[in-house]
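What follows is a short report on a single structure.
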Amino acid sequence: EPGIDRQPVRDAGPRYAMLPPARPGDTGASRAFSPPASEPEDIPRAAPSPAPPAARDFPRSDVMPADEAALRSELKRLGVRYVDLPPIHERGVCGIDYPIKVTGLSGGIELKPAAVLNARMAVTFAKYVRKDFAPAVRSRYFSGIETIYTGSTYSCRNMIGESTNHLSEHAKGNAIDVMKISLNSGRVIDVTSPGFFAFRQKGFLNRVRAEACDYFTTVLGPGYNRAHAIHFHFDLKQRRNGDV
């Protein structure tokens, strides 16, 4: 139902090894946008069980696959402003073979900071903003969107707010967090639980969350847990048998 967070189904799929701790002074941002060329020898290895999945071998050729090229054609058709990045392969479990950095969407919308994603996630987010998110803003606030302020996009880490050792979808460039938006009118809308009398904001946030479920397999936000109290989380986690 509209307004109810979409909670991920905990299935019996493959588990991931806990990421080894970062070196002192290392930040999530530095790992997200400037991954090391290889794993430093002074970082302790993950426990031998469970082992990282074999799917993270990161095959890459000099020629971009046809599906990746098609996704980039779709991004251009949608008016997305982006640049291609070198492959990101980090700590043996994180990474994107053909990453892109998205700086803006159609309608002159800026993304700050720029979002590092895989191309499929970028296309899905662009379609969602163009077809549902931006129209929801116009109908509620009679203004266009100037800037979407993002939180985490690519980040080599496990899931936040979970007791398991599952790798986050952010570690694959397969997720984006939206913190707030600024409108052309100058108004700023935070993604937080609104006050009791903030009927317009409540209606807007409920609509955003409900319509996002038509595009993403996971939609989280205020009310799900403390880790998502101030932002929306959208991802394209693959689920068994099409479960959401």
Group every Ile, Leu, Val, Met, Phe, Trp and Tyr by side-chain heavy-atom contacts under 4.5 Å, then state whether F142 and I145 land in the same group.
no

Determine, step by step, whether N118 and L71 satisfy the side-chain contact (heavy atoms from CB on, under 4.5 Å) criterion, reporting the C-alpha distance in whole Å, the side-chain angles of both residues, the deciding distance to 0.1 Å, and the verdict.
CA-CA 10 Å; N118 64 54; L71 287 168; over 6 Å; no

Note: E90 and C156 closest approach over all heavy atoms is OE1-CB, 3.4 Å

I109 side chain near T147 side chain, heavy-atom distance below 4.5 Å:
no

Name each donor-acceptor pair under 3.5 Å that joins a side chain in residues 123-134 to protein atoms two or more places apart or in another chain, with its distance.
unit_1	atom_1	unit_2	atom_2	d
T124	OG1	R120	O	3.0
Y128	OH	V208	O	3.0
D132	OD2	Y215	OH	2.5

Applied to residues 76-88, the side chain to side chain donor-acceptor pair (under 3.5 Å) test, sequence neighbours excluded, yields R72-D84, E74-R77, R81-E110

Taking C-beta and beyond as the side chain, do T153 and D177 meet within less than 4.5 Å on heavy atoms?
no

Distance, nearest 0.5 Å, that separates CG of L236 from OG1 of T218
8.5 Å

Quick one: does I189's side chain get under 4.5 Å of Y141's, heavy atoms only?
yes

Stepwise side-chain contact (heavy atoms from CB on, under 4.5 Å) test for V80 and V102:
CA-CA 7 Å; V80 177; V102 179; 3.7 Å; yes

To the nearest 0.5 Å, tell me how far Q238 CD sits from K172 NZ.
7.0 Å

Can you tell me how far NZ of K101 sits from CG of L85, rounded to the nearest 0.5 angstrom?
6.0 Å

What residues form a ring pair (Phe, Tyr, Trp, His ring centres under 6.0 Å) with H170, not counting sequence neighbours?
H233

Distance-only polar pair, side chains of D235 and N174, donor-acceptor under 3.5 Å
no

Kindly give the heavy-atom pair with the smallest separation between V191 and P222, and that separation in Å.
O-CG, 3.8 Å

Taking the side chain as every heavy atom from C-beta outward, state whether Y154 and I88 have any pair of such atoms under 4.5 Å apart.
yes

Members sharing I230's hydrophobic cluster, built from side-chain contacts under 4.5 Å between Ile, Leu, Val, Met, Phe, Trp and Tyr, are M179

Run the side chain to side chain donor-acceptor pair (under 3.5 Å) test against S139 and tell me which residues pass, sequence neighbours left out.
R207

Rounded to the nearest 0.5 Å, what separation is found between the OG atom of S143 and the CG atom of N184?
4.5 Å

For residues R209 and G221, report the shortest heavy-atom separation together with the two atoms involved.
NH1-C, 4.0 Å

Gap between atom OG of S168 and atom CE of M159 - 0.5 Å precision:
7.0 Å

Residues joined to Y149 in its hydrophobic cluster, side chain to side chain under 4.5 Å directly or through other members, sorted by chain and number, are none

Measuring only between side-chain heavy atoms, which start at C-beta, is L205 closer than 4.5 Å to T192?
no

How long is the gap from NE2 on H89 to SG on C94, to the nearest 0.5 Å?
11.0 Å

Taking the side chain as every heavy atom from C-beta outward, state whether I176 and T150 have any atom pair closer than 4.5 Å.
yes

For the student: nearest non-hydrogen atoms of P99 and P86, plus distance
CG-O, 3.0 Å

Locate the shortest heavy-atom distance separating A119 from I100; write the atom from each residue and the value.
CA-CD1, 4.1 Å

Is there a side-chain contact between P87 and D97 in this structure, where contact means two heavy atoms from C-beta onward sitting under 4.5 Å apart?
no

Looking at I96 and G173, what are the two nearest heavy atoms and their distance?
CD1-CA, 3.6 Å

Are the side chains of L78 and S106 in contact, using a 4.5 Å heavy-atom criterion?
no

